[in-house]
Number of protein chains: 4
Amino acid sequence: MPADDLTQRRRREIADAAALTFAEQGYHATGIADIAQRLGIGHGTFYRYFKNKRDILEYVLDEVTVRLGEVLAAEDPTSTTTLEEYRAQVERIGTGLFQLFGDEPAIARLFYVEGVGADHEFSEKWMDLQGAFAAVTGAYLQNGVDRGFLPADLDVEVSARAVNGMIFAALLAVIRDPDPAAETERWVAGITRIMFAGIA
Amino acid sequence: MPADDLTQRRRREIADAAALTFAEQGYHATGIADIAQRLGIGHGTFYRYFKNKRDILEYVLDEVTVRLGEVLAAEDPTSTTTLEEYRAQVERIGTGLFQLFGDEPAIARLFYVEGVGADHEFSEKWMDLQGAFAAVTGAYLQNGVDRGFLPADLDVEVSARAVNGMIFAALLAVIRDPDPAAETERWVAGITRIMFAGIA
Amino acid sequence: MPADDLTQRRRREIADAAALTFAEQGYHATGIADIAQRLGIGHGTFYRYFKNKRDILEYVLDEVTVRLGEVLAAEDPTSTTTLEEYRAQVERIGTGLFQLFGDEPAIARLFYVEGVGADHEFSEKWMDLQGAFAAVTGAYLQNGVDRGFLPADLDVEVSARAVNGMIFAALLAVIRDPDPAAETERWVAGITRIMFAGIA
Amino acid sequence: MPADDLTQRRRREIADAAALTFAEQGYHATGIADIAQRLGIGHGTFYRYFKNKRDILEYVLDEVTVRLGEVLAAEDPTSTTTLEEYRAQVERIGTGLFQLFGDEPAIARLFYVEGVGADHEFSEKWMDLQGAFAAVTGAYLQNGVDRGFLPADLDVEVSARAVNGMIFAALLAVIRDPDPAAETERWVAGITRIMFAGIA
DNA sequence: GATGAATGAGGTTTCATTCAT
DNA sequence: AATGAATGAAACCTCATTCAT
């Protein structure tokens, strides 16, 4: 376990450096040597912890996926019974997401920008992932429809995509902000408003 | 005109082939030779029409930007005086966007996925562009606020980003659909509903 | 003959442009297109007058060789019978060479610098040519030895090379001068002095 | 020291191979692959030691320049007070130069032929260098004039160029000789004779 | 376990040359 | 005869990956 534990810590370290460098320079413009240099290790060492360059991108993005999943899993889609409860839930999730990416804008940038077209195979995976997230959001909406606090004729799939799209756009705007965390409340409020009442 | 015209036609031809290939294989995985082969021309010929590989990506994406701009410019942000008029306008714009990308899903994919992280400098440009589109959407919203058919306390910037985000997410979903055009109405309806009334 | 004559004029025109461009940019850095552009002709036209790029370099350098030969052939190596006569002859030849290259420094530069290492095969040829010129100079010296106005123990071959080397170095210095012609007399005097009396 | 020392040794090895290959095939006709193959190394390895193809040419020629400088710097231009001393000095320098290039004719060929027109920028540099060498030779001559063992009316600049030109021509002839070293004495004697007494 | 020297596949780009118009 | 669009050989160079130390 200790060795394994050390290995995990090292992987994490390298992954962090990689994420930062990818976000700063772009995936293709980043060489393994750049990552190693940032850590002050030999670039051969990289290959003791990751199979190849693609592997580390996958690792980083999988990590993000897991963390996103954790934010979503902190809530139970079927637990709410009223619109008010759901609205509160949405605000908690939204705040969670903004915090997650606001703390590490480099990760957000990598996940939503630099990593997207890094590799065709990964693009596919990324789009699948958006589908998976839409499914999660859809589960919340479906619960509302089932419970009757959301209209029966709501197009759940479309709405789920739309809601996620709003969050995506918001994150994209926020990661360029010098102090992302400060903007969280405003964005969550703005999006929640549209989500529950529209712009009108 | 003849020579120049021919040159333009050739550029267009090559750009189309490039867009298709980039969309299929990814920007970095695509070699100039792949594009040339698709057209049945020598790869040296490519360089008679484009300065380099990055040049053609820029050309294709600028073209898309122009076309997006045309769809948006077809409407006048200040022309609407009632919510109903605005809603109709939004539906026209939304339909226009879906048609634009529905007809050429490869372009959409390139614009929203494969091209995004192709190059760090381009990522920056792409994010700027999202800002510009948000500004356009914001102009429509601001008009509503000014005319009084949208609430005075609407956070225009946030809302504009959010609306664009919904459209983005919708397009992303639709381009993977075998028959994107068929889905247009459903998506436009779903997004408009949220936009004007929220999910509730 | 008229057609042929025109062809010759055209060749000369192209060759002049080529020589100028080679001298300005270097042989390898010069493209056929550069030469054609300077003349305002299509670059395909070049190939109606010269077989290929190497061909024109050869043509230009052969032309120079011929002209050099003419300067040397204007005098008869065996015609002089006294040192004084020979000295006068040397001064005439030297002045002729300086005029030749002083009028067209680009040619000189091409012949002695840009063209030298343009191509390995040409380097060889160029060195052979230096040998040929040495032989000519040697003939003059040998005449002096034979006639008795030059010492019998003069190493003709070495001396011939040395004399030519002085001229070469002088030309090299002069072609960088803004007004080469003005310097002719000084250089001819300086070299003749060493040649006939040494530096002492 | 070990790593750096090894690096220097490797650079030298590669530079030697490059010089040989350039001299044999010409600069432009030589590919990096040719140099690598000669050494039995991968061509990527080349780029660990030299930035690019031009870099190695510059390195080799700078090295030659340094060595030439060392030969010249072995003597002190102001140390001689009589013509005899100077003559002895000239013979030492001449012998040194012949030995330098006689030992490595490939270097000489590269320096005086193949490298000269390799690149326009380098041609300029090469001509500047000839000027610098002329200045050194000029310093020796000026000393003679100042000390009174050379005539006051000697055109130092012209004479310096001329002397260097003789040496250049001699080297050019000698490097094509199968056994250059054997010829040294003859050439040094021949040139010194002209230099101090002229051909007469 | 760490290192970094070595490697070579792979891709971009140039430009001399051809040839149909 | 003149043109310039098309071509593809050829060369440079990068950098992910391997592996001996």
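A note on names: the letters A, B, ... follow the listed sequences, proteins ahead of strands, and every chain is numbered from 1.
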Please list each protein N or O that sits under 3.5 Å from an N or O in nucleotides 10-12 of chain E, with the distance.
residue, atom, partner, partner atom, Å
dT12(E), OP1, Lys53(B), NZ, 3.0
dT12(E), OP2, Ile32(B), N, 3.2

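Summarising the geometry, the separation between CZ on Phe50(D) and C1' on dT14(F) is reported as 18 Å, rounded to the nearest angstrom. Protein atom NZ of Lys51(D) is 15 Å distant from nucleotide atom C1' of dT14(F), rounded to whole Å. Whole-Å rounding puts the Ile35(C) CD1 to dG4(F) C1' distance at 16 Å. A straight line from CZ of Phe46(B) to P of dT13(E) spans 8 Å, rounded to a whole angstrom. The CG-C1' distance, from Asp119(C) to dA16(E), rounds to 14 Å in whole Å. Between Asp55(D) atom CG and dA11(F) atom P the separation is 20 Å, expressed in whole Å.
The residue Tyr49(A) sits close only to the backbone: its heavy atoms come under 4.0 Å of sugar-phosphate atoms, none of a base. Using a 4.0 Å heavy-atom criterion, one finds that Arg54(C) contacts no nucleic acid atom at all.
In this structure, Phe111(D) and Phe101(D) have parallel ring planes: the angle between them is below the 30° cut-off, well short of the 60° mark.
The nucleotide whose nearest atom lies closest to any side-chain atom of Arg48(D) is, among dT7(E), dT3(E), dT7(F), dT7(E). You'll find that the side chain of Thr45(D) is closest to dT7(E), out of dT3(E), dA5(F), dT7(E).
For Lys125(A) and Glu58(A), the salt-bridge test passes: some basic side-chain N is under 4.0 Å from an acidic carboxylate O.
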